[in-house]
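Scroll down for the structure; my scribbles are underneath it.
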Amino acid sequence: MPWNDKSGGGGPWGGGGGNGGPWGQGPRGPGGPQGTPPDLEDIIRLGQDKLRRALPGGSGGNKAMFLVIALLVLGMWAFKAIYTVQPDEVAVELRFGKPKQELSEPGLHFHWWPVETVETAKISEQLVNIGGLSRSNDTSGLMLSGDQNIVNVQFSVAYQVSDPRAYLFAVSDPDGMLTQVAESAMREAVGRRPAQDIFRDDRQGIAESVRQILQNTLDGYDAGLNVNAISIEDAAPPREVADAFDEVQRAEQDEDRFVEQANQYSNQKLGQARGQAAQLREEAAAYKNRVVQEAQGEAQRFISVYEEYAKAPDVTRKRLYLETMEKVLRDSNKVVVEQGGGPGVVPYLPLPELQKRSGAATGGAQ
């Protein structure tokens, strides 16, 4: 039986229809007796009455309420219409979604919102790092070189916005596109060179090649970005083959050292050989000069003797005979034999020998 059944005995406990249960009269709702749902109009009317009593002016409370609402709406609109551009940014205003030609410099600006909206872009230089194995599942730095070696390249790109309108509206995600294009350009440059170039021989040349490829691609997409520099921070083999690659590097270093030592030895021996050759040439030239001078002197002496002989043949012949006999008899034992049947051998008195002996004896006595 329903609780509000009026035809019965007032509920399971009796008590008649007007008592509302065993506890007497039940509570009444705002719009009717107990059990009747409240009326929405009564609730609105009650709220309006309370608002009129709260606002001053009696019947003029409606105007004050509308004024407060208008001020709130105006404040919200002013909050949306006034915007600030930071020192490292520029802003582009859009009217009905179409960008304006003017750029908003850093400072406080006003636009007619919501007819006009604002997009900002940073114009200061920014740096993005690409590659490396900072994360276990990151393989963006693994690249194949021209000599079929796998290298792990970590590099950074320094760039800045050159055209804010193109940067904001020509490409949906210019920063993400820059990262992808830079990685692709690095793979292209590394794929054309041997691994030794990226490791140490020609890093600067590879970085410049990547910068040119990246800048040409960004210009083709009209991304509004300018690449200032490419810096290759690290280049190493993958961890799985790092030990083997280090062995190869050490072997190449040993090879370079041995070649350098061989070159030093070769240069040393070559220098010695060149010195000896120069010495032999100098000695040969000196010997040649001495022989030529002696021959010329002998020839000149013969000519002078011949000239004297031509003037006085007998005298010259006799003088030559005497000089020759003097040379012959100087160092020989001499015996004089008298001709014509004399008493025999005439003893020869060696006066030079006696003089030498007397001189030696005199020196010993002193």
Side-chain angles (χ1 to χ4, degrees), residues 88 121-257 259-260:
D88 60 342
K122 287 188 176 182
I123 58 175
S124 60
E125 186 177 79
Q126 303 180 53
L127 190 68
V128 57
N129 295 318
I130 304 173
L133 292 178
S134 58
R135 299 183 299 273
S136 59
N137 58 349
D138 185 9
T139 60
S140 60
L142 296 179
M143 303 177 185
L144 186 65
S145 64
D147 55 356
Q148 303 302 313
N149 283 319
I150 297 178
V151 296
N152 179 25
V153 183
Q154 181 178 0
F155 65 101
S156 60
V157 181
Y159 69 98
Q160 64 183 132
V161 177
S162 59
D163 187 354
R165 280 185 293 271
Y167 174 78
L168 292 172
F169 308 111
V171 181
S172 62
D173 184 13
D175 296 328
M177 185 195 68
L178 172 70
T179 302
Q180 296 177 3
V181 175
E183 181 180 345
S184 176
M186 181 60 72
R187 291 183 184 278
E188 179 180 352
V190 172
R192 295 177 179 176
R193 310 286 188 92
Q196 197 63 31
D197 286 353
I198 188 63
F199 286 142
R200 62 180 180 180
D201 290 349
D202 195 19
R203 282 194 178 185
Q204 187 63 33
I206 293 177
E208 181 61 24
S209 177
V210 172
R211 192 195 69 81
Q212 293 179 359
I213 296 173
L214 177 58
Q215 187 63 62
N216 293 334
T217 306
L218 293 176
D219 293 342
Y221 284 118
D222 194 20
L225 294 174
N226 184 40
V227 180
N228 296 333
I230 301 291
S231 177
I232 300 177
E233 300 175 357
D234 188 23
R239 291 193 299 265
E240 294 78 7
V241 295
D243 295 337
F245 196 87
D246 291 340
E247 290 293 337
V248 173
Q249 293 294 318
R250 285 191 288 270
E252 291 180 353
Q253 293 174 2
D254 293 339
E255 179 186 3
D256 295 338
R257 185 176 71 255
V259 170
E260 185 64 25

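None of these values were measured; they are calculated from a predicted model. What's counted below: heavy atoms across the whole structure, side chains too, no hydrogens, waters or symmetry copies.
- Considering only heavy atoms from C-beta on, Ile130 stays 4.5 Å or farther from Met186 through its side chain.
- Minimum heavy-atom separation, Gly205 to Asp202: N-OD1, 3.3 Å.
- Nearest heavy atoms, Gln160 versus Asn228: OE1-ND2, 3.4 Å.
- Within a 6.0 Å sphere centred on CG of Leu127, heavy atoms belonging to other residues, nucleotides or ligands number more than 12.
- The CZ atom of Phe169 lies 10.5 Å from the CG atom of Asp163; values are rounded to the nearest 0.5 Å.
- One distance of note links CZ of Arg203 with OG of Ser231; it measures 9.0 Å at 0.5 Å rounding.
- The side-chain heavy atoms of Asn226 and Leu218, taken from C-beta on, include no pair separated by under 4.5 Å.
- For the pair Tyr159 and Ile230, the minimum side-chain heavy-atom distance is 4.5 Å or more.
- Considering every non-hydrogen atom in both Ala182 and Leu214, the closest pair reads N-CD1, 3.7 Å.
- Counting heavy atoms from C-beta on, the side chains of Glu183 and Gln180 never come closer than 4.5 Å.
- Electrostatic pairing of Glu260 and Arg257 does not count as a salt bridge here, judged by no charged N lying under 4.0 Å from a carboxylate O.
- From Arg250, atom CZ reaches atom CG of Asp254 across 9.0 Å, with rounding to the nearest 0.5 Å.
- In this structure, the side chains of Leu225 and Val161 come closer than 4.5 Å at one or more pairs of heavy atoms.
- Nearest heavy atoms, Phe155 versus Met143: CE2-CE, 4.2 Å.
- Counted by atom type alone, Asn216 and Gln212 present zero donor-acceptor pairs between their side chains at under 3.5 Å.
- Minimum interatomic distance between Ser209 and Ala189 (heavy atoms only, all atoms of both residues): OG-CB, 4.3 Å.
- Using modelled atom types, no side-chain atom of Glu188 and backbone atom of Val210 make a donor-acceptor pair closer than 3.5 Å.
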side-chain contact (heavy atoms from CB on, under 4.5 Å) assessment of Val128 paired with Asp175: CA-CA 9 Å; Val128 57; Asp175 296 328; over 6 Å; no
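- With hydrogens and angles disregarded, a donor-acceptor distance shorter than 3.5 Å links the side chain of Arg187 to the backbone of Leu142.
- Nearest heavy-atom pair across Glu233 and Ser156 is OE2-OG, 3.1 Å.
- Taking the side chain as every heavy atom from C-beta outward, Arg193 and Ile198 never approach each other to under 4.5 Å.
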